[in-house]
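Below is one structure, written out as structure tokens, with a few remarks after it.
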Amino acid sequence: MTKKPELLPGTLDMLILKTLTRAPLHGYGIAQQIKRLSDDVLTVEEGSLYPGLQRLLVQGWVKAEWKMTETNRRARFYTLTAAGRKQLGIEVSQFEQMIAAISRVMSDALEA
Amino acid sequence: MNSYLQFIRRLCLLMQRRRFRSDLDEEMTFHRDQVEQEYVADGLTREAARSAAARQFGNPTRLREQSHEAIGFRLETIVQDLRFALRQFQRQPGFAVLTVAILALGIGASVAVFGFVDAALLEPLPYANPNRLLDVAENSNVHPRSNLSYQDFIDWKRLDRSFSGFDAYTGAGFLLHTSGGAEPVPAARVTAGFFDTLGVRPFLGRTFRTGEDQPGAGKVVVLTYAAWLTRFGARRDIVGQSLQLDSDNYTIVGVLPRGFSFAPRGSAELWVPISELTECEKRRSCHNLFAIGRLRDGVSETVALDDLKAIAAQLERQYPGSNQGQGASIQPLATLIVGDTRPILLTLLAGALLLLVIACVNVSSLLLVRSESRSREIAVRGALGATPARLMRQFVTEGFLLALAGFAAGIALSVWLMGLLAHLVPSQIAASLPFVELAGLNAHTLLFAAVVAAITAVLLALTPTLRLSFQKIQSGLAEGGRGSAGRLWRRLGANLAVVELAVAVVLLTGAGLLGKSFYKLLHVEMGFDASHIAIVNVQLPDKAYATDAARLEVYRTIERRLGALPGVESVAITDTLPVGCFCNTDWIRIVGKPFHGEHNEVVERDVSPSYMATLKAQLIRGRMFREDEDKTKPPVIIINESLARKYFPGEDPIGKKIGDGALDPKSLREVIGVVADIREGALDDEMLPGEYFDGYQQLDIGFSVLVRTAQSENSILPDMVSTLHNIDHGFGVYGESTMIDQIESTQSALLHRFATWLVGGFAMAALVLGVVGLYGVIAYSVSQRTREIGVRMALGAKRGTVYRMVMRQAAWLTAVGLAIGLACSVGTSLLMRSLLFGVQAWDLPTLAGVATVLGSASLAASFLPAHRAASVNPTDALRTE
């Protein structure tokens, strides 16, 4: 099995928040969504997904409630809160600054 | 704000931990099922898909733990802290034991005292709506609260509009006839509604019915729970049985509940209605009752008092002879019952809390010293990445643990102390202080203990952390880094020592003043020699001794037979013992003096002819009663100096005649002698005008027999009792005691003794803790300065100079502590002025004594470290690092 690239540290929260902007999702749905949108590049391990979700709950960025799936099973759906939406904005801008900085460094390194 | 919200959310999650776990489990199961289905869709068998999904998912327990960590309080790090703290204590068990012992002392003492304060002042009396109950009495110019006359009571009850219940009570004593002979039993007589007014429901049977307090009603009796238990074998069928009291048969109609107590008549075991009136109760001028009243809804105390005063004024107009100057007085019943003890209890509580303060300060400085010695450890932990918060939490944990242990040990100590204190109160006093029995661990005391322990915990946790924030890690790591720490220590530690010394001074002064008051109280002028006097009370069977002749005969027999016992010097009989109360009083009028109906109140005692000689009271003028001066002779009277001074200023009272307010010829008596004042009232009362009737002319059915003996007065008591029983088996003989015991167990002596011993105990503990605290400061500062001292000595400083240097520091701290303490103690002593007797709050000898004791103890304690400092070998000292 080839090793998949790991998530950049600190980006998991942002990714989870982002996937929740469209609609409320359950844990499995979040993992699937991230995997699908990244064309199977990013895999969220369950070992980090659930602690991450609890963290977001405690921070008050997401809410959780039990609902029925299309297949008629009970699942816990996470919804983005207003605070979460704000936090997403902050994280996205930080992330963009970071990426821009990194790419500036890298392009300089390539030119050299 | 945000972190606060987070904290709340975490707390909620923590509360619903079970819910959280099941949610997470279900969620993860769902996830695993979905993955499994994915594999099945990819063509795997169900079995293979399941194991593949499980593999991908990983260890579910670990997962769960990780999620917990995300939300939890990092429980395991707290466990780590606890474990580390325990290990620290194990390494220095002496420190832990000492700390916990000091805390236990402080917490235990204050909780124990609070137990009594709670029982006396906070717990409501055991009646329905006790705050609506009033103590009702008459008053006059000499007595702010005096007995109520039965005739007045009847009128008050008829005219009063403020009370929904209004009933009177008085003491009584009966001879209970049992198979074993006659036993005197303390009792109370009450009007029929008494228990209804209190709102007390019987445990068995009933209480009194309306009309049972009328003359001619059947004789009924209600038992207390204790009497039912001890005298009647706790028989359930007791109601309806009859018993013989004196020479009458009474029917038992009920038993009072176990929790019942009525302190003003605390020793009463039998309760009967006031049905047949005594001679006294038939006269309006004779006062022998007190009353209780229950305020009607919406009626205030002031209105009730105005109401009673109006009635009293009306009676005054109606019966000027008996009622002139007789007003009304009321106070809450609770004030009557616990009012006297309030200042003492509050003083004791203050003392205990001060001791607690010292204990806390002491432990704090111990912790501070310990944190000094741990500065390296802390610096290392900090360097290895422990955050300041984490380090602080370690200290908080340790402080919390110590406080918890101190709390537990303190509770145990307080339970023991409360038992001990309750045990020390003589039973006859305990009967009038109902709360003594009730003090114990309950919700209130536990809450108090918990609050005290919590404050202690905060204090203990804060002290070392205070130090942490002052200090930089680097200086802790550096070898020579004592400098700054030393300065901090000197500032904080020295202040703590000063606080301890000052508080110790306050407690010592309080104890000194109370001790001096107690001494003065016991050595107050008695007017007689209280030593070597044995006392026994006798109750004659009323039928057999109905006539004066029979009584006179038995008086003489008792005096003769007891006088024949070996070692007995003299025997006397009195109706009321000295050092008792401002009671059994009489209104007098002197023949030939102007009189306007005023009440000249004097104490009146009926004493046998040998009484003054037995007491060794001093005759000033005239003569004593003669042995043959009985009813056949002209009535005579002896007066005391106070009466002579007040009513016969500048003249010789001998030969003058004294009678009652109406100068009824039957009441006239000729003054034959004047004696120096004998203390009739309580120890802290003033000397009162008093008159002594000839006991052979005024014969009583119940009296006290006093015996002056050459030998030990205690050893003769059994012989006295058996001799009295030999004279007549039907005598009720009780209350064997000695005059000294009697005096020392009076309420004022007892309360003073209690206060003295307890505050004295607190003060001793405070002295020890304070001096040890000072020793700690000095010893620590010497140990920190070893090197400096070595340098000084190497440069030529003399040992004397080193001594002086250390002692100067100690003397300075002591002086500051003493000065602050003395200033404060004058203030606190003023607060407890009401407890002081014969001594001022600023009593100089006491203050000087305290200063000397504390000063010399402190200097002695600091001599040791000074000596150690002076014996420092300079070469060793310079090499210590």
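Letters go in sequence order (proteins before strands), and every chain restarts at 1. Please read these numbers as outputs of a predicted model, since none were measured by experiment.
Inter-residue side-chain proximity for A:Gln32 and B:Gln34 is flagged as unmet; no heavy-atom pair is nearer than 4.5 Å. In this structure, A:Tyr28 and B:Asp33 have side chains that are not in contact, with every pair of non-hydrogen atoms separated by 4.5 Å or more.
Enclosure of atom CZ in B:Arg50 is not indicated, since only 12 or fewer non-hydrogen atoms of other residues, nucleotides or ligands lie within 6.0 angstrom. Within a 6.0 Å sphere centred on CZ of B:Phe448, heavy atoms belonging to other residues, nucleotides or ligands number more than 12.
Neither the backbone nor the side chain of A:Ala64 comes within less than 4.5 Å of any heavy atom in chain B.
When the options A:Arg73, A:Arg76, A:Arg74 are evaluated for a salt bridge (charged side-chain N to carboxylate O under 4.0 Å, His left out) with B:Glu26, the one that passes is A:Arg74.
To the nearest 0.5 Å, the span separating OH on A:Tyr50 from CE on B:Met28 amounts to 7.5 Å.
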Take B:Gln37 and A:Thr71 through the side chain to side chain contact (heavy atoms under 4.5 Å, CB included) test and state the conclusion after the steps. CA-CA 12 Å; B:Gln37 271 170 26; A:Thr71 54; 5.7 Å; no

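Taking both residues in full, the closest heavy atoms of B:His31 and A:Ala31 are given as CE1-CB, 4.1 Å, listed atom of the first, atom of the second, then distance.
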